[in-house]
Number of protein chains: 2
Amino acid sequence: MPTMFKKVLNCPLFKGISEQDLPFLLSCLNARTAVFDKGSVVLNAGEIWKTCGIVIEGKTQVFQYDFLGSGSLIATIKPMQLFAEAFSCTGISAPITVEAAEKSEILFLNTSRIHTTCDRNCAFHARLIYNLLHIMALKNVALLQKIECMSQKTTREKLMTFLSMEAMKNQSSEFDIPYDRQGLADYLSVNRSALSVEISRLAKDGLIKCRKNRFKLSENSPRSFD
Amino acid sequence: MPTMFKKVLNCPLFKGISEQDLPFLLSCLNARTAVFDKGSVVLNAGEIWKTCGIVIEGKTQVFQYDFLGSGSLIATIKPMQLFAEAFSCTGISAPITVEAAEKSEILFLNTSRIHTTCDRNCAFHARLIYNLLHIMALKNVALLQKIECMSQKTTREKLMTFLSMEAMKNQSSEFDIPYDRQGLADYLSVNRSALSVEISRLAKDGLIKCRKNRFKLSENSPRSFD
DNA sequence: TTCTTTTTGTTGGATTTCCAACATATTTTT
DNA sequence: AAAAATATGTTGGAAATCCAACAAAAAGAA
């Protein structure tokens with residue numbers, strides 16, 4: 001456990017929390033850890049989930065099973081990332097299943113203990129609430145951006161919308177994207193080969209330059225960010 | 001102002017707050033109201049926004065302007081609904097523009113005052129934080145559901161995913177949807193006429209029954225909820 | 001009611017995407 | 001360095017979507 005303390009301080013949820021406060025805080029949040037073998041189920045769809053999870057070590061994957069029973073990968077949760085925080089806040093039954101993609105150690109926190117100020121009225125509690133709000137707000141923005149990309153009509157527009165956003169984030173017309181081709185295709189919800197075709201076409205039309213994961217929007221592109 | 005007090009108590013953000021506490025709370029949150037004429041801009045894209053807004057009366061619309069400068073409607077905000085709460089929590093510059101669709105009265109609240117416990121350590125503050133977390137979590141879930149629908153490959157799958165979710169929410173295989181055909185087409189990001197075709201086809205195939213906005217999933221449909 | 005306006009359904013052709021199959025390039029392993 | 005594995009680019013036909021135009025139905029106004 002103590003070895004885990006130092007790691008967990010890097011989690012955005014505990015940003016600004018000092019190392020000596022952490023043990024109190026974790027007991028306050030009813031924290032418990034568990035280790036899951038590769039392929040085992042961490043959270044089953046349909047359950048009412050009162051805790052959020054933080055991946056300490058390993059990797060878990062979030063699946064959504066549709067009405068036909070076939071599952072699609074929604075997200076991959078890496079160390080220090082949260083999952084199920086939204087569902088545990090709403091009290092609805094989880095529409096997702098979480099599985100360990102490899103042997104993983106998970107830290108579970110009672111979500112309601114985060115926003116319920118405890119008797120001890122600890123100072124770090126306010127910071128924790130701020131952090132959780134911040135994380136949820138960021139996820140919200142990220143989801144909105146994905147929707148904005150996906151709702152474009154053509155693959156070309158989806159791609160340009162995505163690249164414009166990335167340029168904006170990086171404050172530069174030249175930047176690396178965090179996906180490989182298949183990953184980007186999944187994110188934009190288009191066919192991989194169709195995506196490759198469109199990247200080539202945009203390059204041929206002089207709107208972008210692209211080498212591997214590095215893109216550059218041309219100056220004559222509708223908006224540039226130099 | 002006092003006439004507005006009673007109305008605002010119905011806003012989910014103030015759920016559980018008593019009428020006599022409200023004035024203190026509003027001053028705590030640096031509340032101010034403003035009236036916007038039809039067509040005027042409430043919030044301009046690019047600004048760093050420190051407040052969230054609540055529509056008291058009227059209607060506002062949220063637009064997202066893409067890299068070509070053409071805007072698409074993201075959401076319509078009706079009385080007692082919040083907007084810009086996610087952006088004001090993150091501190092990023094707003095990627096959206098909010099306009100008054102009709103003459104509207106807006107209540108602005110300093111978001112940071114919500115999660116920063118004030119000196120007075122007021123009891124209702126905890127409730128407010130809980131409410132804000134709940135609202136953001138619900139939005140998060142709603143966005144995830146929209147993404148799940150949109151990421152289906154075919155119009156038929158998009159539609160069935162949406163209808164299954166609605167059936168789940170209503171705990172029944174028969175339910176009303178909150179969109180007309182054009183609205184549903186926009187939500188799923190498909191062509192309206194293609195949507196109509198698919199609804200007819202699903203009905204012909206016996207998977208659903210549909211009359212106006214009322215749908216019924218058939219018993220032989222992959223999942224039913226009776 | 002009748003007329004007008006709005007919403008929804010239907011059709012066919014143009015356009016776009018998907019998909020499988022394969023070529024080429026890049027990375028990793030031996 | 002060679003071989004294997006993985007990632008990316010390219011092609012053409014099949015399938016799905018878009019789109020405009022119009023028909024039918026429903027809702028609202030006169």
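First the proteins, then the strands, lettered A, B, ... as listed; each starts at 1.
Between the side chain of A:S218 and the main chain of A:G206, a donor-acceptor pair closer than 3.5 Å is present. At least one donor-acceptor pair closer than 3.5 Å links the side chain of A:S104 to the backbone N or O of A:K59. Not a single donor-acceptor pair under 3.5 Å links the side chain of B:K103 to the backbone N or O of B:G58.
Spacing between atom CD of B:Q182 and atom P of C:dG9 amounts to 12 Å, rounded to whole angstrom units. Rounded to whole Å, atom P of C:dT7 lies 12 Å from atom CG of B:N213. Between the CZ atom of B:R156 and the P atom of D:dT17 there is a distance of 10 Å, rounded to whole Å. A straight line from CZ of B:R181 to C1' of D:dA23 spans 17 Å, rounded to a whole angstrom. Atom P of nucleotide D:dC18 and atom CD of B:E198 are separated by 11 Å, given to the nearest angstrom. The distance between atom CZ of A:R201 and atom C1' of D:dT10, rounded to the nearest whole Å, is 11 Å. The nearest whole Å value for the distance from the CG atom in A:L195 to the C1' atom in D:dA7 is 13 Å. The CG-C1' distance, from A:L159 to D:dG9, rounds to 15 Å in whole Å.
Nearest-nucleotide mapping onto DNA chain C: of B:C210 and A:K153, the residue sitting toward the 5' end is B:C210. Between B:V190 and A:I199, it is A:I199 whose nearest contact on DNA chain D lies nearer the 5' terminus. Comparing B:Y179 and A:N191 against DNA chain C, the residue whose closest nucleotide sits nearer the 5' end is B:Y179.
A salt bridge links A:K139 to A:E85: one of the charged nitrogens lies within less than 4.0 Å of a carboxylate oxygen.
OP1 or OP2 of C:dT17 sits under 4.0 Å from a side-chain N or O of A:T155.
Scanning all heavy atoms of the two residues, the minimum distance from B:L163 to B:F175 falls at O-CZ, 3.4 Å. Closest of all the heavy-atom pairs between A:E166 and A:D176 is OE1-O, 4.3 Å. Contact record, A:L43 with A:A84: CD1-CB, 3.8 Å, taken as the closest heavy-atom pair. Minimum heavy-atom separation, A:E57 to A:P79: CA-CG, 4.4 Å. In terms of heavy atoms, B:C210 sits closest to B:I199 at SG-CG2, 4.0 Å.
Applying the ring pair (Phe, Tyr, Trp, His ring centres under 6.0 Å) test to B:F215 and every residue at least two apart in sequence or in another chain returns nothing. Remark: A:A194 engages A:N191 in a side-chain contact (heavy atoms from CB on, under 4.5 Å) (not counting sequence neighbours).
With axes fitted over five pairs at each extremity, the angle between the ends of the helix from C:dT1-D:dA30 to C:dT30-D:dA1 is 50° (10° resolution).
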For nucleotides 10-14 of chain C, list the nitrogen or oxygen atoms of the protein found under 3.5 Å from its nitrogen or oxygen atoms, one pair per line.
unit_1	atom_1	unit_2	atom_2	d
C:dT10	OP2	B:S200	OG	2.4

Please write out each protein N/O paired with an N/O of nucleotides 24-28 of chain D under 3.5 Å, distance rounded to 0.1 Å.
unit_1	atom_1	unit_2	atom_2	d
D:dA27	OP1	B:K212	NZ	3.3

Only pairs under 3.5 Å count here: list side-chain donor-acceptor contacts from residues 177-185 of chain A, not counting sequence neighbours, and write none if there are none.
unit_1	atom_1	unit_2	atom_2	d
A:D180	OD1	A:Q182	N	3.4
A:D180	OD1	A:G183	N	2.7
A:R181	NH1	A:K212	O	3.3
A:R181	NH2	A:K212	O	3.2
A:Q182	NE2	A:D186	OD1	3.2

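Note on B:D180: only backbone sugar-phosphate atoms sit closer than 4.0 angstrom, heavy atoms only; bases stay farther off.
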